[in-house]
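The structure under discussion appears below in the form of structure tokens.
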Amino acid sequence: MKSLGATFEKHRRGIGMAATAIGAAVTGIAVLSIKSSLDQQVGIRQLDAALQNVNTSYDAQKATIEKVIAAQQNKTNFGDEEQRKALRELILVSGSYDDAMAALIPTMELAAGKEMDLSAAATLTARAISGEETALGRYGIQVEKGAGATAVLSAIMEKFGGQAEAAADPTTQLKNRMGDLMQVLGDALLPVIEKL
């Protein structure tokens, strides 16, 4: 009898520890999901502020922006938040939503081709389409002075087109998809947490 009681007690403690570990894991996932959701909201608000400075808004452009971002996330290493941040930078520096949208994909190609941070590539591209064509010279992209945004973007695509997709890493893409899943979970949990 004594050994049966000891065995039961040992299993009860093991089950209790497992339940505690599972509870901690669930709580950790919930916290990370909520943080991911909040981070995405901040990024969207910042993008919206940049868009409002050029006489439009995120709500007005959401369908177009998110369609482009989703398509690029599916075939490159660049996640949605990273792309929104780059688009914001392109808008802030170029002062044009249309130019920024046209430059988003070439910017990703440049970033992948030169293995540089997407935000840095966005700043560089935005400067180039805003009239500082020489900004791209050290990356092997030569355009005539006053060539315009279309010529600059064409030159980037001619030099680096296809690099973003070629550099796509399945592990990074999986990480981006998991990040999206965490955001969806966080979006669902946030109203509950706010009520509590």
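Note: Glu82 CD to Thr76 OG1 = 8.0 Å, rounded to the nearest 0.5 Å. Separation of atoms CG (Leu87) and CD1 (Ile65) is listed at 5.5 Å; rounding is to 0.5 Å. To the nearest 0.5 angstrom, Ile105 atom CD1 is 11.5 Å from Phe78 atom CZ. Here Met157 contributes atom CE and Gln163 contributes atom CD; the two are 10.5 Å apart, rounded to the nearest 0.5 Å. The OG1 atom of Thr125 sits 10.5 Å away from the CE atom of Met108 when rounded to the nearest 0.5 Å. Separation of atoms CG (Leu51) and CD1 (Ile91) is listed at 4.0 Å; rounding is to 0.5 Å.
Note on residues 94-105: pairs passing side-chain hydrogen bond (donor to acceptor under 3.5 Å, both in side chains), not counting sequence neighbours, are Gln61-Tyr97. Listed by first and then second residue, the salt bridge (Lys or Arg N to Asp or Glu O under 4.0 Å) pairs involving residues 141-167 amount to none (not counting sequence neighbours). Residue pairs that meet the side-chain hydrogen bond (donor to acceptor under 3.5 Å, both in side chains) test with at least one member in residues 114-123, sequence neighbours left out, are Glu89-Thr123. Within the structure, the salt bridge (Lys or Arg N to Asp or Glu O under 4.0 Å) test picks out the following pairs touching residues 66-78 (sequence neighbours left out): Glu66-Arg84.
Applying the side chain to side chain donor-acceptor pair (under 3.5 Å) criterion to Arg88, with sequence neighbours excluded, gives no partner residue. With sequence neighbours excluded, no residue forms a side chain to side chain contact (heavy atoms under 4.5 Å, CB included) with Ala49. The side chain to side chain contact (heavy atoms under 4.5 Å, CB included) search around Ala168 returns Asn77, Gln173, not counting sequence neighbours. Partners of Gln73 under the side chain to side chain donor-acceptor pair (under 3.5 Å) rule, at least two apart in sequence or in another chain, are Asp180. Under the side chain to side chain donor-acceptor pair (under 3.5 Å) criterion, Thr172 pairs with Asp169, sequence neighbours left out. Asp59 meets the side chain to side chain donor-acceptor pair (under 3.5 Å) test with no other residue; sequence neighbours excluded.
Pairing each heavy atom of Gln72 with each of Gln83, the nearest pair is CB-OE1, 3.4 Å. Contact detail for Ala122 and Leu90: the closest heavy-atom pair is O-CD2, 3.3 Å. The shortest non-hydrogen separation linking Ser130 to Ala126 is OG-O, 2.8 Å. The shortest non-hydrogen separation linking Thr107 to Ala103 is OG1-O, 2.6 Å. Closest heavy-atom contact between Ala164 and Glu109: N-OE1, 2.8 Å.
Note on Ile69: it clusters hydrophobically with Tyr58, by side-chain heavy-atom contacts below 4.5 Å among ILVMFWY residues. Follow the hydrophobic side-chain contacts under 4.5 Å out from Leu92 and you never reach Val54; the two are in separate clusters.
Using modelled atom types, one side-chain atom of Asn74 and one backbone atom of Ala70 make a donor-acceptor pair closer than 3.5 Å.
Through side-chain heavy atoms spaced under 4.5 Å, either directly or across other Ile, Leu, Val, Met, Phe, Trp or Tyr residues, Val42 is tied to no other residue. Clustering of Ile, Leu, Val, Met, Phe, Trp and Tyr side chains at separations under 4.5 Å places Leu153 together with Leu110, Met116, Leu124, Ile129, Leu136, Tyr139, Ile141, Val143, Val152, Ile156, Phe160.
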